[in-house]
Visitor: 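First, the structure itself, so that you have it in front of you.
Here the structure is a predicted model, which means the values were calculated and not measured. Chain identifiers are assigned alphabetically (A, B, ...) following the order of the sequence lines, protein sequences preceding nucleic acid strands; residue numbering begins at 1 within each chain.
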Number of protein chains: 2
Amino acid sequence: MTDRIAIDDRQIVDRRRKRHDAKRATIVAEAWELARRDGLAAISLRQLADRVDLRQPSLYAYFDSKLALYDAMFADGNRQLLEVIAQIPPGADPRASLVAFLETALRFSTEDVVRHQLLFQRTIPGFEPSAESYALAGEVLAAGRRRLEAVGVTDPEEVDLFTALTSGLAHQQVANDPGGDRWVRQARRAIEMFLADVDRRTRRGRAQR
Amino acid sequence: MTDRIAIDDRQIVDRRRKRHDAKRATIVAEAWELARRDGLAAISLRQLADRVDLRQPSLYAYFDSKLALYDAMFADGNRQLLEVIAQIPPGADPRASLVAFLETALRFSTEDVVRHQLLFQRTIPGFEPSAESYALAGEVLAAGRRRLEAVGVTDPEEVDLFTALTSGLAHQQVANDPGGDRWVRQARRAIEMFLADVDRRTRRGRAQR
DNA sequence: GTCTATACATCGATAGAC
DNA sequence: GTCTATCGATGTATAGAC
């Protein structure tokens with residue numbers, strides 16, 4: 001009999017938790033909406049509460065502070081990116097799929113400027129991702145490294161150069177041609193340029209041996 | 001006699017204006033200080049007023065709004081960059097001086113993260129540089145273009161690729177290794193990579209003719 | 001969990017006296 | 001130009017009813 005009750009309790013707890021998580025997700029979604037409208041740093045907790053049919057103090061049932069909300073958004077954004085990345089097939093031609101990977105990443109950034117700001121720029125005073133959220137960002141980086149490995153790039157310095165190229169294209173696109181493709185369309189050339197440089201150096205390295 | 005008075009008036013107005021401009025400059029300097037300490041978006045006008053021995057409302061004699069203060073900082077930062085750039089000699093070897101140019105720009109960014117944020121990232125909600133301030137940013141870009149011209153790069157797409165490379169190195173340096181040189185030391189390689197790509201394509205272009 | 005009610009410190013901004 | 005006084009709004013937080 002006590003077992004029966006225990007099972008019921010667990011089911012109730014699970015259902016409650018599901019409701020809680022669902023509500024948390026809609027709050028985060030509305031926070032993105034507000035951020036896109038007013039700017040990332042201009043999110044108001046009172047306005048946010050209004051949009052999810054809560055009173056402002058009730059938000060504290062879901063987030064300990066405004067920074068905790070930013071952390072949830074940071075995690076959410078990284079999960080979105082991971083999902084998008086997972087859909088790019090590694091493919092038979094690793095160079096072509098690296099181009100596709102880069103173009104996808106660039107489009108992801110230009111699609112949502114404030115998301116790009118939160119994920120890739122340290123712009124909110126006092127905000128530092130939690131360990132859990134930071135781990136998601138690490139997964140994104142690891143996925144990129146795997147793509148580079150597929151074309152034979154493993155040297156840390158070359159990985160750094162590639163990340164600089166990627167973030168530079170994204171940044172210029174977002175800052176100077178939001179919604180356009182002025183830098184996105186340079187993705188293919190950028191990759192060719194990068195890989196040609198890698199080839200040139202490995203060849204030279206071999207010649208010296 | 002009226003002439004004499006008019007001249008005196010002008011002198012008084014000039015002196016007043018000079019005092020005003022000097023005070024404005026110290027306010028901007030203190031604002032940078034605060035931004036470095038608390039973050040760019042976390043500047044408080046009351047704390048700023050305290051630091052320059054004024055009451056908070058008196059700041060409005062110098063700036064119409066907080067955004068106007070950011071605008072003055074934006075202009076100031078660009079003037080600083082122009083000054084630094086002007087000190088890099090074009091030199092006999094245009095490639096070497098392009099490397100020096102890039103390294104200087106990168107050091108400028110890493111030297112002061114919040115300055116880099118204000119100048120190159122759209123991060124303050126509602127802030128848009130005024131026409132005058134934006135013109136200074138244009139001068140910086142023009143200076144960069146002249147350096148590229150010196151090594152034979154004039155194609156707008158190639159200029160775009162170069163700006164992406166520059167901002168990417170700066171961004172990665174600032175975001176992931178502030179104070180270090182992990183990306184700064186890739187400046188030379190990045191330039192070689194870029195120019196090799198430009199060469200490769202112009203040669204290919206000639207061959208097709 | 002959600003509410004009402006309330007508190008507090010801080011913020012950017014304005015009015016008006018001097 | 002500088003001040004005092006004040007405004008409305010914000011983030012943050014808590015108490016206590018339901």
Visitor: Taking all non-hydrogen atoms of both residues into account, name the closest pair between B/Y60 and B/S65 and its distance.
Guide: CE2-CA, 4.0 Å

Visitor: I want to verify a distance call: between D/dC3, C/dT4, D/dT12, whose nearest atom is closest to the B/L54 side chain?
Guide: D/dC3

Visitor: Parallel, tilted or perpendicular, judged at 30° and 60°: which one describes the rings of B/Y62 and B/H20?
Guide: parallel

Visitor: Tell me whether the side-chain N/O atoms of A/S44 come closer than 4.0 Å to OP1 or OP2 in D/dG11.
Guide: yes

Visitor: Please state how far atom OH in B/Y60 lies from atom P in D/dT4, giving the value in whole angstrom units.
Guide: 17 Å

Visitor: Please report the distance, rounded to the nearest Å, between CG in B/L69 and P in C/dG12.
Guide: 10 Å

Visitor: Do B/Q80 and B/R115 pair up side chain to side chain, a donor and an acceptor below 3.5 Å, judged on atom types alone?
Guide: yes

Visitor: If you assign A/L67 and B/R55 each to the DNA chain D nucleotide with the nearest heavy atom, which residue ends up on the more 5' nucleotide?
Guide: B/R55

Visitor: Can you tell me the distance, in whole Å, between the CG atom of B/L45 and the C1' atom of C/dT10?
Guide: 12 Å

Visitor: Between atom CZ in A/F63 and atom C1' in D/dT12, what is the gap in whole Å?
Guide: 16 Å

Visitor: Between A/Q47 and B/R16, just flag the one whose closest nucleotide in DNA chain D comes earlier from the 5' side.
Guide: B/R16

Visitor: Let's see if you can work this out: which of C/dT4, D/dG1, C/dA13 has an atom nearest to the side-chain heavy atoms of B/Y62?
Guide: D/dG1

Visitor: Taking the minimum atom-to-atom distance to the side chain of B/A61, which one of D/dG1, D/dT12, D/dC3 wins?
Guide: D/dG1

Visitor: Looking at every heavy atom in both B/P125 and B/L67, which two are closest together, and how far apart are they?
Guide: O-CD2, 4.1 Å

Visitor: A/L48 has an atom CG; how far is it from atom C1' of D/dT12, in whole Å?
Guide: 15 Å

Visitor: Given D/dG1, is OP1 or OP2 found less than 4.0 Å from the side-chain N or O atoms of B/S58?
Guide: no

Visitor: Rounded to the nearest angstrom, tell me the gap between atom CD in B/Q56 and atom P in D/dT2.
Guide: 14 Å

Visitor: May I have the distance from B/H20 (atom NE2) to D/dG1 (atom C1'), rounded to whole angstrom?
Guide: 10 Å

Visitor: Classify the side-chain pair B/D76/B/W32 by whether it contains a donor and acceptor separated by less than 3.5 Å.
Guide: yes

Visitor: Could you check how far CZ of B/R46 sits from P of C/dC11, rounded to whole Å?
Guide: 6 Å

Visitor: Need one value for A/D64: base, sugar-phosphate or nothing, where a base atom within 4.0 Å counts as base even if backbone is also close, heavy atoms only.
Guide: sugar-phosphate

